[in-house]
Every structure is written in C-alpha cells, then in structure tokens.
Student: 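Got a structure for you, written out below as structure tokens; questions coming shortly.
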Number of protein chains: 2
Amino acid sequence: MRLVIAECSVDYIGRLKAHLPRAVRLLMVKADGSVLIHSDGGSYKPLNWMSPPARLHVEAGAEEEDPEVLETWTVQAAKSDDRLIIRVHAKHHDSDHALGTDPGLIKDGVEADLQRLLAEQIDVLGPGYSLVRREYPTAIGPVDLLARDGAGHTVAVELKRRGDIDGVEQLTRYLELLNRDPLLAPVRGIFAAQQIKPQARVLAVDRGIDCVTLDYDAMRGVDDSAGRLF
Amino acid sequence: MRLVIAECSVDYIGRLKAHLPRAVRLLMVKADGSVLIHSDGGSYKPLNWMSPPARLHVEAGAEEEDPEVLETWTVQAAKSDDRLIIRVHAKHHDSDHALGTDPGLIKDGVEADLQRLLAEQIDVLGPGYSLVRREYPTAIGPVDLLARDGAGHTVAVELKRRGDIDGVEQLTRYLELLNRDPLLAPVRGIFAAQQIKPQARVLAVDRGIDCVTLDYDAMRGVDDSAGRLF
DNA sequence: TCTTGTATCTCGTTT
DNA sequence: AAACGAGGTACAAGA
C-alpha cells in the first residue's frame, strides 16, 4: 500500500463526471491497483476513487504542459471505460508499506441473526404462534418465516432490520402467491423490523399487513447463545 | 490526518459486533475523530471504522495486561454507544499531516440533472407535451414530473438513471393514486431512463406504461448551460 | 458467471 | 432532528 499526501486536482469520467478542485488530500494506492482519495473529514467514503481491478499510470508533468503540474496519474478501470485523472501539484509525503493479505471481518447481529432469534422466539408475535419453517420457498423467492398463529392460520413473516416500503411490496408479492395455494390459504402477513418507516407502515396497514417492531437487544438477551462469539 | 501502519486486532461493538484478527493494517485518524481501518485490498469500504463525531483515547499497554499489546485505542462515538477498540501490537509507521478543509466534489450527470433537462425539454417525450410541474406531490411521495400530452391528458413521468423493476413499481403506485383523483384521471405513465432493463420494460409494457430511453449527452448538448462546470 | 437482497450503508435534500 | 430517495452505491450469498 502506497500513501501519498499531495496537493492535487482530480477528475472522474465514467458512469458520471465528477471534479475535485485543487487541495491537499491523501492518495491511497492499493496492491490491486485501486486508488482512494480521502480528505480529512467525512465518513468512510472517499471523495473519489477507482475500484479494482485497475491500472495506475504515472507520467511526469501535465499532458497540457502546465508547469504547475508535477505528475499526472491516470487510473484506468480494467473492465470498463471509467477513468480517474489525478494532477499532482505538490507531494508532502510518499511512503510504501507491505501489509499482506487480511484475514477478514467476523460479524454478528445482521438480519440472519435476527431471523434466527425470531424463529426461536416466534411467540413474540403473539400467544400460540408456532414456526412452520425459515426461508419457506416460493416461485419468486423464499419467505423469511412461515408460521401458524394461535388459531392455526398460516402467517408469512417478512423480516427487516429497517422496515422500508420495498419490504412491504416484497411481502405483498409473497402473500399473493401463497394465497393461491389452497393448502395454505388464507395466509396473513406480518411485517417485522427493528424500525418501521411511517410510509411503509401506512402501506402495510392499507394492505391488511400487521406491523411488529422487534427489540433485538431484548431478544438477544433471552437467547442463551448471545455474547459467546468473542 | 494521522496515518499509522500497525499490526493490530480490532473489535467493534454497536449496531452489531465485529472482530478483526491480528494483522498489519492502515489506521487512518481524521480530524473529526473518525477512524478508518484499511487493508491492502478490497474496495473503498474499510474493514472497520468509526463514523464522526467520535473521540479517540489512546492508552499504553492493554487493559487486560497482555504484554504483547503496545497500545489500546478506544474510539467512542459521540452520539451513540458505538465503540471501536483497537489493540496495537506493533507500529511500522506513524505520521501526521495537515490537510485543511476540502472544497468538495462537483458532480454532473445524476438524476437531478436528468430531471432538470427533461423538464426543460419535455417535448422529447412527444410533440405537444407540456410540463405541469416537477416533484408533483402525492400522499406516498412526489412524482418526478407531471405533464400533459398533445391531447391534453395527464401523464406521470418516473425518471431514473438506470430503469429497474423498482422504478416501475414506484410509478405504478403513483398512477394508482393519481387515477383516484377525478380532476386528473385518466393519468398515463411514462418510465424514462438512460437505460431500461429488459425485465423492467416487460413489466412496464404489461401495465400499460410507456418506456422512453433518454440520451443524456444529447440533451445536455441542447442545454446551453452544459459544459460550463469544469 | 449473473442476480438478488442487505448495509455499522453514506450522502444529500426536505419536512 | 427525522425521514426519504439516490448511489460510480459496495458487498455477500445464492442460483
């Protein structure tokens, strides 16, 4: 990994065009040819970048013979026409480092975990609920959870961390399909999420879909396998 | 901005839990207290990070008295309980740089530009078209463009850079709603995008929605404010 | 290989 | 401040 602190201006031409005026920034060049341009703020997203695989070509001076330009960097994407052009006006730092391959990130607490917890604690949806199965297959994809309520009626559960309008649409399509199956019909829908957006709730209610807000921490607290990972 | 190349292990506890085993990585500390942890590969997303605003606290040694740990970095989010703990086993590089504030990115060619151009050149949809308004409000969100065709009938236009099935669903919802308004009905739909995916086109046609492919470069060429950005 | 769905999404804009 | 939509979304899992 090469780290350069440089005064530079940047142009990206590809799916859109973007321009960065002259300023001091960090240029990070990775082993796979990708380049990230970071300022001293913002979040993890670089101001501009080139995704791998890409090829970096450095040329002394400027193509247009501008004496203020020390180097012109051209970063060309290997599989598309996307191109990043970096004009370096001054270099304040330049260092190279051998990092080796990374063992990678281990995660816990994503939607898959939420699904596992709700499957184990299906009665948070109401008394008498029982699980039929997780990832119940349909022609248009698997339903997150299929269950039966206290009265024995089938219930399809769509699970999200953040309940958005898309999730309601998805559940609606599943319900339409499931209700064509005489062995299952009538199938009711439950939209379960840690947070449900107002618009999504309105749409769900309009379609007769129940909304349930889940407390992940509480559910994880009940689960005895919690906290064992690290 | 501080750049440290270090052998480290990392734990994140917040909206989820995540762990990085011991390896050599780049630690980038920004002026706002945010921290990014990058490996020499992947894409622009760091392996792990803390978003601003945050506070970095460095302590010599390890809390648990592990002699292999040189320093323990605690990065605490200012507005939540999110926390990043970095155990530094060895430092290979450590440098600090003054970057100043960045003038920021200038973009061209995003959906907003398309919408402005199409509003100005509404007749690319057909002869006699006239604009009613941009961002026409409805209960479930604003319609990109509302227009009248040559015959004086109302037309709702959904605009995308890339025409996907989601966009057709969105337009369908708008049309359903708009057609309940006796002052507007009947309202026809036009799905306009730079590229329309085959599946989206099939769905649109099936629902009686017209598809229009837009040539952004040509439309920008017509617009006399084009090319002034850079 | 391509498609689908999630994300510690980020980032802007608007309410 | 909260919510909504777009993104050069990125990224991983499944087909």
Student: On DNA chain D, nearest-nucleotide positions of B:Glu111 versus A:Pro198: which is more 5'?
Tutor: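 It is A:Pro198 whose nearest nucleotide is closer to the 5' end.
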
Student: Considering residues at least two apart in sequence or located in another chain, which fulfil the salt bridge (Lys or Arg N to Asp or Glu O under 4.0 Å) criterion with A:Asp32?
Tutor: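 Applying salt bridge (Lys or Arg N to Asp or Glu O under 4.0 Å) to A:Asp32 gives none.
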
Student: Between the main-chain N or O of A:Leu178 and the side-chain N or O of A:Asp181, is there a donor-acceptor pair closer than 3.5 Å?
Tutor: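 Pair absent, no side-chain N/O of A:Asp181 close to backbone of A:Leu178.
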
Student: Check the distance between D:dA10's P and A:Asp32's CG and give it to me in whole angstrom.
Tutor: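 The answer, rounded to whole Å, is 14 Å.
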
Student: Just jot down the side chain to side chain contact (heavy atoms under 4.5 Å, CB included) partners of A:Ile165, sequence neighbours excluded, or say none.
Tutor: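 By the side chain to side chain contact (heavy atoms under 4.5 Å, CB included) rule, A:Ile165 matches A:Gln199, A:Leu203, B:Arg173.
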
Student: Rounded to whole Å, how long is the line connecting atom CD of B:Glu158 with atom P of D:dA6?
Tutor: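 So the two atoms are 7 Å apart, to the nearest Å.
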
Student: Decide whether B:Gln76 and B:Arg83 meet the rule of one side-chain donor and one side-chain acceptor closer than 3.5 Å.
Tutor: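 A pair is found: one side chain offers a donor N or O, the other an acceptor, under 3.5 Å apart.
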
Student: If we ignore hydrogens and angles and just use 3.5 Å, is the side chain of B:Ser80 paired with the main-chain N or O of B:Asp82 as donor and acceptor?
Tutor: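 Side chain of B:Ser80 to backbone of B:Asp82, a donor-acceptor pair under 3.5 Å: yes, one is there.
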
Student: Expressed in angstrom and rounded to an integer, what is the separation of B:Leu16 atom CG from D:dA12 atom P?
Tutor: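 So the two atoms are 14 Å apart, to the nearest Å.
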
Student: Nearest-Å distance, CG (A:Leu36) to P (D:dA10)?
Tutor: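 Going from A:Leu36 (CG) to D:dA10 (P), I get 12 Å.
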
Student: Expressed as a whole number of angstroms, how long is the span from A:Met50:CE to D:dA10:C1'?
Tutor: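 Atom-to-atom, A:Met50 to D:dA10, this comes out as 15 Å.
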
Student: At a heavy-atom distance below 4.0 Å, what parts of residues 76-88 of chain A sit against DNA chain C?
Tutor: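 Listed by number, there are none.
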
Student: Tell me whether the rings of B:Tyr44 and A:Tyr44 are parallel (<30°), tilted (30 to 60°) or perpendicular (>60°).
Tutor: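 B:Tyr44 and A:Tyr44: tilted rings.
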
Student: In residues 140-147 of chain B, what donor-acceptor pairs under 3.5 Å come from side-chain atoms, sequence neighbours left out?
Tutor:
from	atom 1	to	atom 2	distance (Å)
B:Asp144	OD2	B:Leu159	N	2.7

Student: In chain order, what residues pass the salt bridge (Lys or Arg N to Asp or Glu O under 4.0 Å) check against B:Arg133, with sequence neighbours excluded?
Tutor: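 B:Arg133: no salt bridge (Lys or Arg N to Asp or Glu O under 4.0 Å) contacts found.
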
Student: Rounded to whole Å, how long is the line connecting atom CD of A:Gln195 with atom P of D:dA1?
Tutor: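 Distance check: A:Gln195 CD to D:dA1 P gives 16 Å.
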
Student: Sub-3.5 Å donor-acceptor pair from the side chain of A:Asn179 to the main-chain atoms of A:Leu175, do we have one?
Tutor: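 Present.
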
Student: Whole-Å distance between D:dC11 P and A:Asp102 CG?
Tutor: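 Distance, rounded to whole Å: 14 Å.
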
Student: Using a 4.0 Å heavy-atom cut-off, write out nucleotides 9-15 of chain C from 5' to 3' as B (base contacted by protein), S (sugar-phosphate only) or - (no contact).
Tutor: SSS----

Student: Expressed as a whole number of angstroms, how long is the span from A:Gln170:CD to C:dG5:C1'?
Tutor: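 Interatomic distance, CD of A:Gln170 to C1' of C:dG5: 7 Å.
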
